[in-house]
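What follows is one structure encoded as structure tokens, with my remarks underneath.
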Amino acid sequence: MTVTARVPVLASSDTDIVAAKTIAERWGLPSEARGDDAFQLWLNEGVLALHWLQSPQKMSPLVVDFHQGKAAYRAQNTQLKNEAIAKAVGVTGQFKPSVVDGTAGLGRDAFVLAGLGCDVQLIERHPVVAALLDNGLHRAQLEADDIGEACQRMHLIGTDNLYTGKGFTHEPDVVYLDPMYPKTGKQKAQVKKDMQMFQQLVGSDNDADSLLEPALAHTKFRVVVKRPNSAPFLAEREPNSQIKSKKHRFDVYIKRGFNESAN
């Protein structure tokens with residue numbers, strides 16, 4: 001992934017200045033605005049929001065909030081038997097594999113897995129998205145409810161850990177990948193406004209094929225790759241099995257069976 005957009009972290013009030021600078025320093029982002037900024041991050045009373053200044057239409061700022069919107073609805077309506085991602089990862093009533101989400105994005109798939117009982121380490125390669133995700137997780141983890149409890153099982157460990165192998169709290173049972181795929185005209189028309197902003201900022205993961213080998217190196221049992229149904233296999237490597245849903249499929253690469261010894 002090549003990060004090209006300059007996105008500063010700014011404070012909406014004097015009380016947010018120190019926290020905004022801390023966020024900027026942690027994720028290697030600037031802390032001063034420029035006239036040519038296409039995007040800006042604003043911290044307002046502890047809530048970090050991404051503003052698209054050059055949006056072709058009026059668009060609300062993008063905020064990661066696990067208590068509202070699509071994330072909250074999915075969490076409240078998740079059922080193990082109906083979740084294709086759970087089947088692909090290997091979640092059962094008795095077995096909750098530990099997972100590394102190597103392309104965490106806004107944390108939505110990781111949140112589903114955490115809600116089903118999995119411990120999930122998150123890697124987000126884009127620093128702006130990582131900053132948004134970190135802020136949303138921190139706020140959710142402060143809440144004493146089911147969503148807060150699920151988010152306690154989510155741990156953002158960095159941006160390049162899949163390649164470096166550093167920062168893992170433990171070797172995961174499963175590595176999950178959902179790289180950004182080049183958009184077609186049909187897909188673009190169906191994308192919600194928040195994802196339009198996300199895609200405009202992040203673009204496509206043109207190096208997605210390079211993710212499979214390190215994922216296989218770091219996983220204990222399997223790698224699961226989420227792809228559009230029409231997309232080619234990652235790195236042109238055929239998976240051992242597939243789980244399909246209406247718009248996506250989950251390609252499963254088996255390193256060893258869950259019941260096999262790690263030795």
Side-chain angles (χ1 to χ4, degrees), residues 1-74 101 103-111 122-140 151 156 158-160 178-208 228:
M1 173 184 289
T2 301
V3 180
T4 57
R6 176 190 186 276
V7 183
V9 184
L10 308 170
S12 295
S13 66
D14 291 344
T15 58
D16 289 309
I17 290 177
V18 173
K21 288 185 176 180
T22 299
I23 292 170
E25 290 173 1
R26 178 177 181 185
W27 301 107
L29 300 171
S31 55
E32 294 183 358
R34 284 195 331 206
D36 60 348
D37 288 334
F39 293 92
Q40 292 177 346
L41 285 166
W42 283 87
L43 187 67
N44 182 18
E45 296 183 353
V47 178
L48 191 66
L50 178 67
H51 295 251
W52 186 4
L53 305 184
Q54 299 176 7
S55 169
Q57 55 183 310
K58 188 175 181 180
M59 194 171 294
S60 299
L62 177 59
V63 174
V64 174
D65 190 340
F66 292 100
H67 280 85
Q68 295 185 20
K70 185 176 181 179
Y73 176 83
R74 191 175 176 191
D101 186 342
T103 52
L106 301 176
R108 290 173 178 172
D109 284 344
F111 185 42
L122 298 96
I123 301 168
E124 172 44 50
R125 300 194 296 158
H126 198 292
V128 174
V129 181
L132 286 167
L133 179 57
D134 186 48
N135 179 260
L137 275 175
H138 175 71
R139 288 184 286 105
C151 288
L156 181 59
T159 58
D160 63 353
D178 179 15
M180 292 287 286
Y181 188 68
K183 303 180 294 294
T184 66
K186 182 178 179 181
Q187 289 172 325
K188 187 173 182 180
Q190 296 172 343
V191 170
K192 301 296 184 181
K193 285 187 176 182
D194 60 345
M195 290 307 295
Q196 288 181 30
M197 188 184 303
F198 181 87
Q199 291 178 346
Q200 183 67 27
L201 174 69
V202 176
S204 302
D205 284 327
N206 296 320
D207 62 345

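Sequential numbering from 1 along the given sequence is applied to the chain's residues. Predicted model only: the values in this text are computed from it and were never measured.
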Atom pair NE2 (His51) and CE (Met59), whose distance is rounded to the nearest 0.5 Å: 13.0 Å

Euclidean distance, Gln200 CD relative to Trp52 CH2, rounded to 0.5 Å: 4.0 Å

Where Pro127 and Trp27 come nearest, the two heavy atoms and their spacing: CB-O, 3.4 Å

Point-to-point distance, once rounded to the nearest 0.5 Å, from CG of Asp134 to CD1 of Ile23: 7.5 Å

Approximate separation, where rounding is to 0.5 Å, of Cys151 SG and His67 NE2: 7.0 Å

Residue that, paired with Leu132, satisfies side chain to side chain contact (heavy atoms under 4.5 Å, CB included) out of Leu137, Leu201, Leu41: Leu41

Minimum heavy-atom distance Ala20-Val9, with the two atoms named: O-CG1, 3.5 Å

Spatial distance of atom CG (Leu122) from atom CG (Leu106) [nearest 0.5 Å]: 11.5 Å

Main-chain N/O of Gly105 paired with Arg125 side-chain donor or acceptor, under 3.5 Å: no

Pair listing, salt bridge (Lys or Arg N to Asp or Glu O under 4.0 Å) test, anchored in residues 27-45, at least two apart: Arg6-Asp37, Arg34-Asp36

Thr103 side-chain N/O to Asp178 backbone N/O, donor-acceptor pair under 3.5 Å: yes

Atom of Ala140, atom of Phe66 and distance for their closest heavy-atom approach: CB-CD1, 4.1 Å

Atom of Val7, atom of Leu29 and distance for their closest heavy-atom approach: O-CB, 3.7 Å

Least distance between heavy atoms, Asp160 atom then Ile123 atom: N-CG2, 4.4 Å

Donor-acceptor pair, side chain of Asp205 and main chain of Asp207, under 3.5 angstrom: no

Heavy-atom donor-acceptor pair, His126 side chain to Val128 backbone, under 3.5 Å: yes

Under 3.5 Å: donor-acceptor pair, side chain of Asn135, backbone of Leu48: yes

Student check: side-chain heavy atoms of Phe39 and Leu50 closer than 4.5 Å: yes

Counterpart residues, side chain to side chain donor-acceptor pair (under 3.5 Å), relative to Thr22 (two or more places apart): none

CG-CG distance between Leu10 and Asn44, expressed to the nearest 0.5 angstrom: 12.0 Å

Nearest atoms (heavy-atom pairs only) where Arg139 meets Gly46: CD-O, 3.6 Å

